[in-house]
Structure formats: structure tokens, C-alpha cells
Amino acid sequence: MIEANRRELLLALAGLAGVGILKFPTIAMAAEELVVTTYGGSWEQFWRASLLPAFTKKTGDAPKLDVALGRVITTNMRAAGVGHSPYGVVMTNEIYATVLRSEGHFEKLNLDKIPSYADLYPVATGTDGWAAVGLISPIGIGYRTDMVATSPKSWKDFWNNPEFKGKTGLYSIQNSAGKMMLMLASLMYGGDIHNIDVGFRKLAELGKVMQTDFNMSTMMSTGEVVIAPFDFGEIARLRNQGLPVDCVIPEEGLLMWDQTFNIAKGLATSDLANSYIDFILSPQGQDLLMRTFFVSPVNRKVEIPADLRRDVPVSGNDMERFIKWDWEFMNKNAETIARRWNDTFGA
Amino acid sequence: MNRSLRPLFLIAPAAMLIGVFLILPYLNIIVMSFRAPAQSTPYGLGFSTESYARFFSDSYYIRALAQTLWLGLATTAICLVLGFPVALQIARSTARWRGILYGLTLSPLLVGIVVRSFGWTILLGNNGVINRGLRELGLIGAPLPLMYNSFGIVVALAHVFLPFMILPILSALQLVDPALENAARSLGASRMTVFRRIVLPLALPGVQSGVILVFVLAVSAYVTPMLVGGMRVKTMAMIVVDTLLDQFQWPLGSALALMLSLATAAAVLVFVSLTRVRWR
């Protein structure tokens with residue numbers, strides 16, 4: 001048996017306190033602090049410099065910011081287990097949120113504390129109160145105006161216009177935009193987003209495409225690709241930097257990168273979490289996001305100012321032009337689909 | 001303190017670091033690889049060898065592993081062929097030049113791997129510097145396939161990892177006493193014989209270290225194959241990341257990671273046994 005005198009016990013306690021300072025998760029739990037997530041780079045800068053200070057000014061509360069991509073958030077929350085999330089409010093694409101929600105990591109929003117929820121476009125409220133889409137980056141067809149003779153109008157132009165052959169960019173299957181392209185091809189040529197046999201056959205007809213995991217702008221700016229699925233905000237950024245690019249809303253509808261806001265289960269700061277989400281969805285929060293990232297506001301009360309209409313072209317009635325996807329289907333068949341994609345586009 | 005225990009205390013911090021940050025995670029990966037696969041959770045109840053069965057029965061994974069090893073082998077061979085003469089030249093230089101050349105060899109390491117790999121995409125792309133230059137000179141009509149394939153990846157990896165080949169070989173060559181070569185030459189040996197019978201055997205420990213370093217780094221590379229391969233060439237490292245983080249299949253991802261480690265270790269062991277250095 002280990003015997004310890006008072007001095008040794010004090011040392012041991014001091015040691016534990018030291019570990020607490022190091023923030024070992026099991027010992028130093030930040031129980032009462034709300035942790036909200038965003039992405040790195042310009043997202044983090046905006047959250048720290050503008051969004052969180054505005055929220056603090058309005059409510060007096062100051063959430064802690066953590067930076068992580070959806071795949072990292074998913075991994076960390078799974079590793080921590082249900083009810084022990086390292087995050088309070090999780091911002092991520094719905095494709096990741098679907099997985100975590102089905103595993104019980106989230107709790108329903110308290111809509112009484114989120115009055116802005118009632119003002120959202122239907123496209124932002126598709127989860128029956130489990131989450132709200134706080135940011136929408138609509139994805140249309142982006143193209144180089146100086147390298148393309150016939151401007152695209154339809155997603156089918158990827159297949160039908162020979163001048164795009166060998167110069168088409170696609171997001172890889174790891175990106176939700178890659179998965180959307182597969183479902184889109186299945187829908188356009190097979191009548192159903194689940195008809196992926198047809199989707200893959202049609203994608204194969206595109207031949208060698210340029211793929212990227214996340215950054216299409218570089219390939220577009222170097223001229224490696226002349227056409228690609230592109231979010232309007234990024235096209236606006238490139239255009240404002242002087243690159244000859246434009247983006248159109250295709251006849252068949254829009255893809256989108258959605259950022260859903262979810263609350264972790266068993267959160268001690270649940271009220272604050274709901275209040276934070278309300279701020280994100282409010283006209284004030286949406287206006288800040290729109291001006292920085294050129295995202296389409298999800299709140300119907302937000303008017304697009306005249307000087308932003310070119311950079312934020314999707315709003316009002318166009319908010320009904322997003323195609324609906326089946327993320328559960330894609331997640332369930334993720335491995336098979338990734339392998340077929342790699343076989344289709346492999347070197 | 002007992003004198004015989006003192007070395008144990010000295011290595012304790014390093015041993016603890018290795019234990020906590022290498023051995024424990026590895027054990028965790030081994031256990032995870034034997035977990036039962038599941039659909040709506042990262043892994044199911046109980047244990048299973050299904051992930052390994054899938055690896056061995058599926059040509060997709062075997063092909064990816066073979067391709068990864070081949071990329072590693074090609075990169076290592078190119079680094080060796082390019083790196084040995086450079087190391088030899090630096091070792092033979094005057095002290096002043098040696099410092100300059102040593103600095104030049106190290107300089108690529110001062111730039112991040114992402115930036116270096118991205119630089120290659122600017123050079124090798126279909127609309128990149130090389131293809132555009134050749135097109136404008138009228139030498140080619142269509143772009144040469146320099147990127148988005150294994151060729152581009154090997155070129156970029158060889159550039160990224162070349163210093164890791166040069167430095168160990170240089171260290172070994174600097175230990176070679178020039179008097180040995182002079183003695184051999186004075187006894188009538190040709191330059192080639194001196195190189196083959198004296199320089200190369202004495203440089204072998206450095207070659208061995210360099211080859212192992214470059215090979216292990218190349219087969220586990222992620223950023224360069226992703227950027228330069230344009231997601232068309234799938235290496236095992238990329239498949240492991242996809243399986244773990246995008247498909248959420250922890251047992252299969254762990255099994256794939258372990259198979260890559262085992263195959264790499266086996267290749268290194270074969271190489272070491274073929275090039276055994278006799279330490280005296």
C-alpha cells in the first residue's frame with residue numbers, strides 16, 4: 001500500500017492543479033464556457049474581429065472560439081462521446097451534421113429563444129428544429145469569360161460544350177460539392193439523385209477533369225480550368241481582384257455549401273448557445289456575414305443593398321432554386337461512392 | 001541513487017514521450033483495426049478481422065498500396081542518383097564553398113512543403129510555365145501530361161525530399177579520410193575502382209540512412225501527392241485519411257494505416273538486409 005504524508009499529498013494536489021493549467025480535458029473541464037466553432041483563415045479573422053465582438057456588444061456574453069473543419073469536428077465529437085462535446089455550438093456542413101445528429105450528439109434548438117428562426121427561408125429550416133442553416137454559399141457555374149466563347153447556361157453544358165473538354169474543374173468526392181455533382185448527374189440523366197449508376201456513367205463521359213479538395217480558385221486563376229461548380233462569393237472575390245470570371249444560375253437549379261448551426265447535447269450553456277444562434281440568424285448577423293463572405297442571407301428580412309447585388313445574386317425567390325440532396329444516402333454509401341469516383345477519375 | 005539506475009532515469013523522459021505519443025497511439029490503432037465495422041457509429045460492438053479481410057480481398061487497396069510503394073521507390077531512386085554526386089561534390093569542396101553549398105542544400109527545407117508542392121503545380125500544370133513556354137515556342141500543340149499523374153508526383157517528391165538524401169550521405173563522406181583514396185590511386189587504382197572499392201562502401205551507412213529516410217517520407221506523403229496528383233492518383237495515405245475522416249470507418253482506416261506501416265517496414269528491412277553494413 002502506498003503511504004503518503006501531508007507534504008506528499010499537497011505536492012500531489014499541486015501536481016493535479018498543474019495538469020489543470022495544461023488543460024487536460026478530463027481534469028480541467030471548461031464546464032460553463034460556451035465554445036463556438038468556425039473555420040480557419042479569413043473566417044476566423046472575421047469571427048474574432050467582427051462577429052463575436054458584435055454578439056458580445058449586444059448580449060454581454062463572450063463565447064470562446066475554436067477553429068475546425070467539419071471532418072475534424074466530427075472526429076473530435078465522436079472521440080469525446082455523446083454528451084461530452086468539446087464544442088458548444090457547431091458550425092458545419094449538413095453532410096457532417098447529419099452523421100453527428102443521427103448518433104445523438106446534438107439536441108434540438110429551443111426555438112422560443114431563437115425568434116429569428118421564424119424569419120428564415122424554408123431552405124434554412126429543413127431539419128425540423130434540430131439545426132438552422134446560418135450561411136448559404138450558393139454554387140452555380142463559374143467560368144473564365146476570357147477563355148470561354150459560349151457562356152454556360154445549364155449544368156448539361158459540362159457535357160455538351162466541347163470547348164470545356166479537358167478544362168473542366170470538379171470538387172473531389174471528399175468535398176460535399178463533389179457529392180452534389182454526382183447526385184446532380186444522376187438527377188439530370190437518371191431522373192433521381194439516387195440513380196448513381198447513371199450518374200457515374202455520365203461523369204465518366206467528362207473525361208479527365210481537374211479535381212480539387214477545396215480550392216478551385218487557384219486552378220481557375222491559372223487557367224487550368226475554364227469552367228467549374230463555383231460559389232458566387234468566391235467568384236465575386238476573384239472578380240473584384242480583376243480576374244475575368246463570372247458565375248451563372250443554371251437552369252436546373254443551384255448547389256450550395258450550407259453551414260448549419262447545431263447545439264451539442266447536454267450543454268450547460270444551452271441558453272447562451274441558443275442566443276448565439278439567434279444572433280447569427282438575425283438581420284444584424286446575416287448582414288455582417290453577407291458583406292464579408294458574399295453569402296446569401298438566410299433571413300427574409302435582409303435586403304441586399306444595390307452595391308452588393310452583383311456579388312450576392314441569389315436571394316428572394318431564387319432561394320427556392322436549391323436542389324435538395326440526400327446526405328444520409330451519401331454517408332451510408334460513402335466508401336463505395338468514393339471508390340467508384342476514384343475509379344472514374346483516377347490517373 | 002544507485003549508479004546502475006542512473007541511465008534509466010536519464011532515458012525516462014524520452015521513453016515516456018515515446019510511450020505516450022507513439023506506442024500508446026499505435027496500440028490504440030491496432031485495437032481499433034480489430035473492432036467490428038458499423039454503419040451509424042465509428043465502430044461496432046466486439047472484435048472482428050473483417051477490415052483485414054477487406055484489405056486482402058480487395059484489389060483496390062492492394063493496387064493503391066503497390067502504387068504507393070512504387071512512388072516511394074521511384075522517388076528514392078531519383079533522390080539517390082541526384083543526391084550522391086551532390087553530396088560527393090560538397091564533401092570534396094573547400095571549407096568556404098562547403099558552407100555555401102551546405103546552405104543551398106538546406107535552403108529548400110526553409111520553405112514549407114505546401115509552398116514547394118504548390119510551386120510544382122505552377123510549373124507542371126497544363127497551363128503551367130513549362131507547357132505554356134513549349135506551346136508558345138511552337139514545340140507542342142497539346143499540353144504534355146506533366147501533372148495529375150505519377151510522373152508529376154515523383155518529380156515533386158524527389159525535389160521535396162532530396163535534402164534528406166544528401167545530408168546523411170554527406171555526413172558519411174566527410175568521415176572518409178582522403179589519404180585512403182590517395183593511397184589507392186598511388187597504387188594504380190583507377191578513379192572508378194577507387195569510387196567502387198573505397199568511397200561507395202564507406203558512404204554506405206549514409207546511403208542507407210538517406211534511402212530509408214526518403215522512402216519512409218515518400219510513401220507516407222500526403223500533401224504533395226494530393227496537390228500535384230490532382231486527386232487522380234490515390235496513395236495509401238490519402239485513402240487512409242479519406243476512410244477515417246470522410247467515410248468515418250475507423251476500423252478499416254486503422255487497418256489500412258497499419259498495412260501501410262507494415263509494408264513500409266518490410267521494404268525497409270529487405271533493403272537493410274540487402275545492403276548490410278558490417279560494423280566493426
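Scope of the values below: all heavy atoms of this structure, side chains included, with no hydrogens, waters or symmetry mates.
Between B/Ile153 atom CD1 and B/Tyr148 atom OH the span is 12.0 Å, to the nearest 0.5 Å. How far OG1 of B/Thr75 is from CZ of B/Phe215: 9.5 Å, rounded to the nearest 0.5 Å. Rounding to the nearest 0.5 Å gives a distance of 7.0 Å between OG of B/Ser51 and CZ of B/Arg54.
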*asked:* The test is side-chain hydrogen bond (donor to acceptor under 3.5 Å, both in side chains); show your working for A/Asn331 and A/Tyr96 and say whether it passes.
replied: CA-CA 9 Å; A/Asn331 284 329; A/Tyr96 294 112; over 6 Å; no
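A/Thr260 and A/Asp258 are not linked by any side-chain donor-acceptor pair at a separation below 3.5 angstrom, with hydrogens and angles left out of the test. Using a 3.5 Å distance cut-off with no hydrogens or angles, the side chains of A/Asn76 and A/Tyr87 do pair a donor with an acceptor.
The candidate with the highest count of non-hydrogen atom pairs below 4.5 Å against chain B, out of A/Gly223, A/Ala338, A/Ala79, is A/Gly223. Among A/Asp343, A/Thr222, A/Thr212, A/Val209, the residue making the largest number of heavy-atom pairs under 4.5 Å with chain B is A/Val209. In terms of heavy-atom pairs under 4.5 angstrom with chain A, the leader among B/Arg132, B/Gln249, B/Gln247, B/Met226 is B/Gln247.
Stacking of A/Arg339 on the aromatic ring of B/Tyr61 is recorded, both the 6.0 Å distance cut-off and the 45° axial limit being met.
Using cut-offs of 30° and 60° on the angle between ring planes, the pair A/Trp43 and A/Tyr39 is perpendicular.
Proximity to chain B is limited to the side chain of A/Met219, based on heavy atoms less than 4.5 angstrom apart. Using a 4.5 Å cut-off between heavy atoms, B/Phe248 contacts chain A through both its backbone and its side chain. In this structure, the portion of B/Leu252 lying under 4.5 Å from any heavy atom of chain A is its side chain and not its backbone. B/Met147 does not touch chain A: none of its heavy atoms, backbone or side chain, sits under 4.5 Å away.
Within residues 168-179 of chain A, the residues that have a heavy atom under 4.5 Å from a heavy atom of chain B are A/Ser172, A/Gln174, listed by number.
Looking at A/Thr145, its side chain does come within 3.5 Å of a backbone N or O of A/Pro244 through a donor-acceptor pair.
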